[in-house]
Amino acid sequence: MELQIEYIPTGEIIRVVSQNGECKTAAGSDGIRLTMESALTARDRVGVQDFVLLENFTSEAAFIENLRKRFKENLIYTYIGSVLVSVNPYKDLEIYSKQHMERYRGVSFYEVSPHLYAIADNSYRSLRIERKDQCILISGESGAGKTEATKKILQYYAVTCPASDQVETVKDRLLQSNPVLEAFGNAKTLRNDNSSRFGKYMDVQFDYKGAPVGGHILNYLLEKSRVVHQNHGERNFHIFYQLLEGGEDDLLRRLGLEKNPQQYHYLVKGQCARVSSISDKNDWKVVRRALSVINFNDNEVEDLLSIVASVLHLGNVQFAADEQGNAQVTTENQIKYLARLLGVEGSVLREALIHKTIIAKGEELVSPLNLEQAAYARDALAKAVYGRTFSWLVNKINKSLAYKEAECPGWRSATVLGLLDIYGFEVFQHNSFEQFCINYCNEKLQQLFIELTLKSEQEEYESEGIAWEPVQYFNNKIICDLVEEKFKGIISILDEECLRPGDATDMTFLEKLEETVKNHPHFLTHKLADQKTRKSLGREEFRLLHYAGEVTYSVTGFLDKNNDLLFRNLKETMCNSENTIVNHCFERTELTDKKRPETAATQFKNSLSKLMEILMSKEPSYIRCIKPNDAKQAGRFDEVLIRHQVKYLGLMENLRVRRAGFAYRRKYEIFLQRYKSLCSETWPTWEGRPHDGVAVLVKHLGYKQEEYKMGRTKIFIRFPKTLFATEDALEI
Ligand code: ATP
Ligand code: MG
């Protein structure tokens, strides 16, 4: 039997895990006994399970070495205190079975090896015992494993939480909402074959018995531009390919679609309709089944798929210029299908695609569009229809997840556990509006993280009656302010340019920006840079020094994306749609409302601020996901890439905060139980208070005064070496 050895200094001494996932402890009765020597070798080989136990905790090299050792042994999880660091293994590990789930159920954090089940269970227990709302924040770059982690946590609850008939359907719906959202919101990118192109926050509600009774999803900023354009090697959203590949013949006939994705302009841009790791046909079946679990009736499914099909038809609408240079539709067939699928008048849609209506002083002015404008209008319509349908879908799922009072007595006392699976920090060759929003979101989360980690450290010291030792850390509030401040923040200035009638362009936005924030230490442009740096900045770019590093953004398209406008006559056409979903998505009030709709950045800013409030009101746990290589390959540990992520996830900072005072802290009972054999006065049983027993014990062990502190319920040990020496003294 091949053995995998995990050294757990703070729980059981040696954990021996066989290949099939069985777990035995060294000193157990199963006959596996390891010598002290092999225990120490094991520690050398697999590193420490908690970074706070690293001797050289300020060294990034030591941090990465520890990760590497563990990764090599398939130990993908490591703690920084209570934060879980996870490295994507890019292969299926046998660590997610029901038996594994059972092993973590109701067991204290430190008694078992690091796992996301430990985080899940710990949060669940706090929720049950303290009745305090929880949230688990999962972050990391694209492909690091956030969505997989979220799904595994949901599965953990589905398996381990108490159940009843009603709960079974809720559990099912919670799980089945995923394939549907992934079909419409995920796509193959260069970084991840199943990349989430939207941010997601999901609340799971539990009743007083601890059974899941409902859920609610909030979605953030879907990458709509993907509907009309994909980079080389990338795909559009999965649902398009699933429908073409898996849809039954008569369904496709009704929708006017051909099986071949090559027929559709919106699907050929990335030139990779097929992906070896994806079976669109199977996924289609999964999605169809999931739709019925989450309460879609046949009509709704038909309406939904009609929209998917109509986006494809829209992509194939083409124009030619007449003698005046005005656009004319040349693809009548597409208009025919669109009219049927969207339930609109064909001629009205055709005219709306090639004209623009403006209301000025109460009068309607209609002007023709040129070729470029018409293509723009068509793409804007496709993005709007798809984007709004996605939001509708989330709403619909929420209705099916909502807990119903009559069915769930006791719902009023429900507690909530939130799961946040949101895009990580992004730096590409070319960074645009989307990256700007995403990185801003990460600044906000980082700020919350720092505040809450520091706060909880402080609270723990205070509640234990130990003097708080202030920690130096970089507060990124200055960058958040730079982006979001009223009047002089980047978003404010962008909005101002978007609203300004006349000659506002991306470049005038950049100039305004330069004028307003020119002396900010985290902001730079070509004009503001010194001679040396200037070379690295284009004239249409600005650079932000994020907490995670520099990112250079090109302002091209900022105004347009922020405005996110759809020509009025297209909106009007959609308002008249007989497709119930489309009709729902485009409300008449939009046409009559005098107020301008909020810009994309402001909407995002407001939704983030709401999210921060939600998260602030809950007790947080963190999972920090790391991607080991860019090749999506198992067993490859690319150090440069990993170092970069360790930096921008702020892990060294996190470790420093956690280690600033004491590396190790444990309840007196647990500490005494573990080490009492080292002292004749505490062995075999200590009759007095555990606090006093520990005091006797550490005196006997010769702990120096500066090495530890005695809190109200816990002992705090400053350096790992003190603990290791004690640990090594244990006879196995
Ligand atoms: P994005 O930001 O692009 O949505 P992500 O962080 O959500 O990325 P995932 O989709 O969760 O990334 O993971 C990418 C891929 O990595 C998965 O499709 C899967 O193949 C693999 N993977 C992630 N986590 C695990 C795991 N724990 N075990 C095995 N494979 C995993
Ligand atoms: Mg994801």
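Counting convention: from 1, in listed order, for ligands and their atoms alike. Everything quoted here is computed from the prediction, not taken from an experiment.
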How close does the nearest protein non-hydrogen atom get to [atom], and which residue and atom is it?
atom	answer
atom 4 (O) of ligand 1	Ser196 N, 2.7 Å
atom 2 (O) of ligand 1	Lys146 NZ, 2.8 Å
atom 15 (C) of ligand 1	Asn88 ND2, 4.0 Å
atom 13 (O) of ligand 1	Gly145 CA, 3.7 Å
atom 29 (C) of ligand 1	Lys91 O, 3.1 Å
atom 18 (O) of ligand 1	Glu148 OE2, 4.0 Å
atom 8 (O) of ligand 1	Gly143 N, 2.8 Å

- Is a side-chain donor or acceptor of Lys627 paired with a backbone partner of Ser142 at a separation under 3.5 angstrom? yes
- Query: Got a donor-acceptor contact below 3.5 angstrom from the Asn442 side chain to the Ile438 backbone?
  - Reply: yes
- Is there at least one protein heavy-atom neighbour under 4.0 Å from atom 20 (O) of ligand 1? no
Looking at ligand 1, is there an atom of it that comes within less than 4.0 Å of some heavy atom belonging to [X]?
X	value
Glu141	yes
Pro89	yes
Cys625	no
Tyr90	yes

- Message: Aromatic contact between Tyr104 and His100, with the criterion being ring centroids under 6.0 Å apart: yes or no?
- Response: no
- Query: Could Arg197 and Phe237 be counted as a cation-pi pair, given that NZ or CZ must be under 6.0 Å from the ring centre and within 45° of the axis?
  - Reply: no
- Among residues two or more places apart or on two chains, list those pairs meeting ring pair (Phe, Tyr, Trp, His ring centres under 6.0 Å) that have a residue in residues 600-632. Phe449-Tyr622
Would you check if [X] and [Y] make a side-chain contact, meaning some heavy-atom pair closer than 4.5 Å?
X	Y	answer
Arg235	Gln230	no
Ile138	Leu420	no
Leu222	Tyr386	yes

- Item | Criterion side chain to side chain contact (heavy atoms under 4.5 Å, CB included) against Lys200, the qualifying member of Val394, Leu181, Leu218, Ile422 | Leu181
- Within 6.0 angstrom of Lys152 NZ, more than 12 heavy atoms from elsewhere: yes
For ligand 1 and [X], I'd like to know whether there is a polar contact (N/O to N/O, distance under 3.5 Å).
X	result
Tyr423	no
Ile76	no
Arg197	no
Thr147	yes

- Message: Counting only heavy atoms, tell me which of Asn192, Thr189, Ile438 gets closest to atom 12 (O) of ligand 1.
- Response: Asn192
- Message: Using the rule side-chain hydrogen bond (donor to acceptor under 3.5 Å, both in side chains), only one of Gln271, Arg226, Arg191 pairs with Glu234; which is it?
- Response: Arg226
- Query: Among side-chain atoms of Tyr547 and Glu443, is any donor-acceptor pair under 3.5 angstrom?
  - Reply: no
- Task: Scan side-chain atoms only and decide if Asn439 and Glu426 contain a donor-acceptor pair under the 3.5 Å cut-off.
- Result: no
- Check each atom of ligand 1 against the heavy atoms of Asn194 and keep those under 4.0 Å away; list them by number with element. 10 (O)
- Counting only heavy atoms, which portion of Tyr96 has something under 4.0 Å from ligand 1: side chain, backbone, both, or neither? side chain
- Task: Assign the ring pair Phe436 / Tyr440 to parallel, tilted or perpendicular, where the plane angle (0 to 90°) is split at 30° and 60°.
- Result: parallel
- Item | Phe71 and Phe637 aromatic ring geometry - parallel, tilted or perpendicular at 30°/60° bounds | tilted
- Check the Mg ion (ligand 2) and write out every protein N, O or S atom at under 2.8 Å, as residue and atom. Thr147 OG1, Ser196 OG
